[in-house]
Amino acid sequence: MKVRSGRRTRDIPALWYEPRKVVFIDQRLLPATFRLYEARSLRQLAFAIKEMVVRGAPAIGAAAAFGMALAQETGADLGKAAELIRGTRPTAYDLFYGVECMLKAASEGKDLREASRAYAEDIVGQCHRIGIHGARLIQSGNGVLTHCNAGALATIDWGTALAPIRVAHNAGKKLFVFVDETRPRLQGARLTSWELQNEGIPHAVIADNAAGHFMARHEVDLCIVGADRIAVSGDFANKIGTYEKAVLAKENGIPFYVAAPASTFDRRTRDGRGIPIEERSENEVHLVGRTRVTPRGAMAWNPAFDVTPARYVTAFMTEKGLLPPARIRDEL
Ligand code: MRU
């Protein structure tokens with residue numbers, strides 16, 4: 001992804017593997033500060049996933065794969081490493097898929113440094129293909145609404161929901177992106193806006209509760225979001241607030257697309273009721289930046305994801321093309 005600092009523009013991935021360490025762009029600090037975080041131990045790697053130094057389903061899947069490689073390289077027990085990584089965040093299926101792929105590779109006697117790098121390259125290739133397929137649905141002049149950050153930071157490069165936007169923009173289509181701010185962690189305002197700015201893609205950050213207003217005024221032509229876990233029924237979990245955007249889109253006759261690679265499809269979970277939803281610290285709701293916005297003693301609840309029923313999904317954008325929810329069962 002393009003990273004601009006001062007007059008310099010660099011092209012770097014969101015995370016990568018180096019001998020005996022995993023390196024991440026520290027997403028907690030963006031957009032104010034660009035800094036790298038190095039995990040040299042499994043404990044530091046687990047911290048990076050849990051505390052969202054790295055976040056976004058495919059990116060934490062790759063972090064999990066790199067973590068398993070670090071475990072092998074440093075002589076740690078792979079079973080224990082898998083357990084530690086699986087315990088970091090419960091919702092994104094990619095995390096479990098990344099661990100599973102590496103356990104399989106290890107059982108075949110493979111070097112996990114190579115296997116995890118190949119895993120990461122596959123994700124990037126799949127995201128690019130999602131972009132190529134998805135961009136066909138974007139016409140010049142379109143307004144596209146997205147939620148959270150489903151860009152390069154969330155996937156190593158290209159993104160899922162942002163990939164079609166990037167491909168369409170690179171092809172010269174004129175488009176405008178409505179970026180939901182995405183409380184409480186502000187992934188839209190902080191990260192999606194930063195990525196779009198680096199790519200030179202016109203956009204505006206909107207308050208989470210403004211989406212209906214722009215939809216009703218016919219300024220949004222399509223919605224594209226990512227996913228953390230997609231069940232066989234087509235119900236899917238994504239960042240909290242996705243569900244209400246999907247309902248609003250249906251009410252306003254706006255197509256609603258979900259972009260995700262194969263690693264996000266969970267063939268063992270039948271429908272949305274089986275998807276575990278992460279509850280995060282109530283402090284994420286109490287605080288905006290460092291300022292407490294709620295009265296002392298007030299309670300806050302902080303589910304990090306919600307489940308959108310399949311009936312709200314126009315189609316999934318995958319590396320193989322468009323997939324209507326009713327066809328998932330045949331493809332898995
Ligand atoms: O809590 P986060 O920031 O990890 O949640 C991320 C999302 O919900 C993304 O929309 C999802 O992982 C898709 S990323 C390509």
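These numbers were taken from a predicted model, which means no experiment stands behind them. One is the number of the first residue; the rest follow in order along the sequence. Just so you know, ligand 1 is whichever comes first in the structure, and atom 1 is the first atom listed for that ligand.
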Closer than 4.0 Å to some heavy atom of [X] - which atoms of ligand 1 meet that?
{"X": "K239", "result": "1 (O), 2 (P), 5 (O), 8 (O)"}
{"X": "F305", "result": "1 (O), 5 (O), 8 (O)"}
{"X": "A57", "result": "12 (O), 14 (S)"}
{"X": "A154", "result": "14 (S), 15 (C)"}
{"X": "G56", "result": "4 (O), 6 (C), 12 (O)"}
{"X": "A150", "result": "14 (S), 15 (C)"}
{"X": "Q187", "result": "1 (O), 2 (P), 3 (O)"}

Problem set entry | Side chain H147, main chain I240, donor-acceptor under 3.5 Å |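 Side chain of H147 to backbone of I240, a donor-acceptor pair under 3.5 Å: yes, one is there.
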For this session: Pick out which of E195, R185, Q27 makes a side chain to side chain donor-acceptor pair (under 3.5 Å) with N149.
Result: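 Exactly one option meets the side chain to side chain donor-acceptor pair (under 3.5 Å) with N149, and it is E195.
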Exercise. Parallel, tilted or perpendicular: which describes the rings of F34 and W194, with under 30° parallel and over 60° perpendicular?
Worked result: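 Taking W194 first and then F34, their aromatic rings lie parallel (interplane angle under 30°).
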For this session: Determine the interplanar angle of the F47 and Y37 rings, folded into 0 to 90°, and report it as parallel if under 30°, tilted if 30 to 60°, perpendicular if over 60°.
Result: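 Ring orientation, 0 to 90° scale: parallel.
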Could you tell me whether [X] and [Y] have a side-chain N and a carboxylate O separated by less than 4.0 Å?
{"X": "E121", "Y": "R117", "result": "no"}
{"X": "D157", "Y": "R166", "result": "yes"}
{"X": "E73", "Y": "R113", "result": "yes"}
{"X": "E38", "Y": "R20", "result": "no"}
{"X": "D266", "Y": "R229", "result": "yes"}

How close does the nearest protein non-hydrogen atom get to [atom], and which residue and atom is it?
{"atom": "atom 3 (O) of ligand 1", "result": "R55 NE, 2.6 Å"}
{"atom": "atom 15 (C) of ligand 1", "result": "T160 OG1, 2.9 Å"}
{"atom": "atom 11 (C) of ligand 1", "result": "D228 OD1, 3.1 Å"}

Problem set entry | Min N/O separation T155 to ligand 1 under 3.5 Å |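 There is no such contact.
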Exercise. Cation-pi between K250 and F256: NZ/CZ under 6.0 Å from ring centre and within 45° of the ring axis?
Worked result: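 Not satisfied by the 6.0 Å and 45° rule.
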For this session: For a side chain to side chain contact (heavy atoms under 4.5 Å, CB included) with F236, tell me which candidate from I328, V307, V313 qualifies.
Result: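 Among I328, V307, V313, the one that satisfies the side chain to side chain contact (heavy atoms under 4.5 Å, CB included) with F236 is V313.
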For this session: Have a look at L95, N238, T242 and point out the one with the heavy atom closest to atom 10 (O) of ligand 1.
Result: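 Going through L95, N238, T242 one by one, N238 has the nearest heavy atom to atom 10 (O) of ligand 1.
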Problem set entry | P58 and ligand 1 - part of the residue with a heavy-atom distance under 4.0 Å |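 Near ligand 1, P58 shows its side chain, while the N, CA, C and O stay back.
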Below 4.0 Å from any atom of ligand 1, is there a heavy atom belonging to [X]?
{"X": "A304", "result": "no"}
{"X": "A92", "result": "no"}
{"X": "R89", "result": "yes"}
{"X": "M52", "result": "yes"}

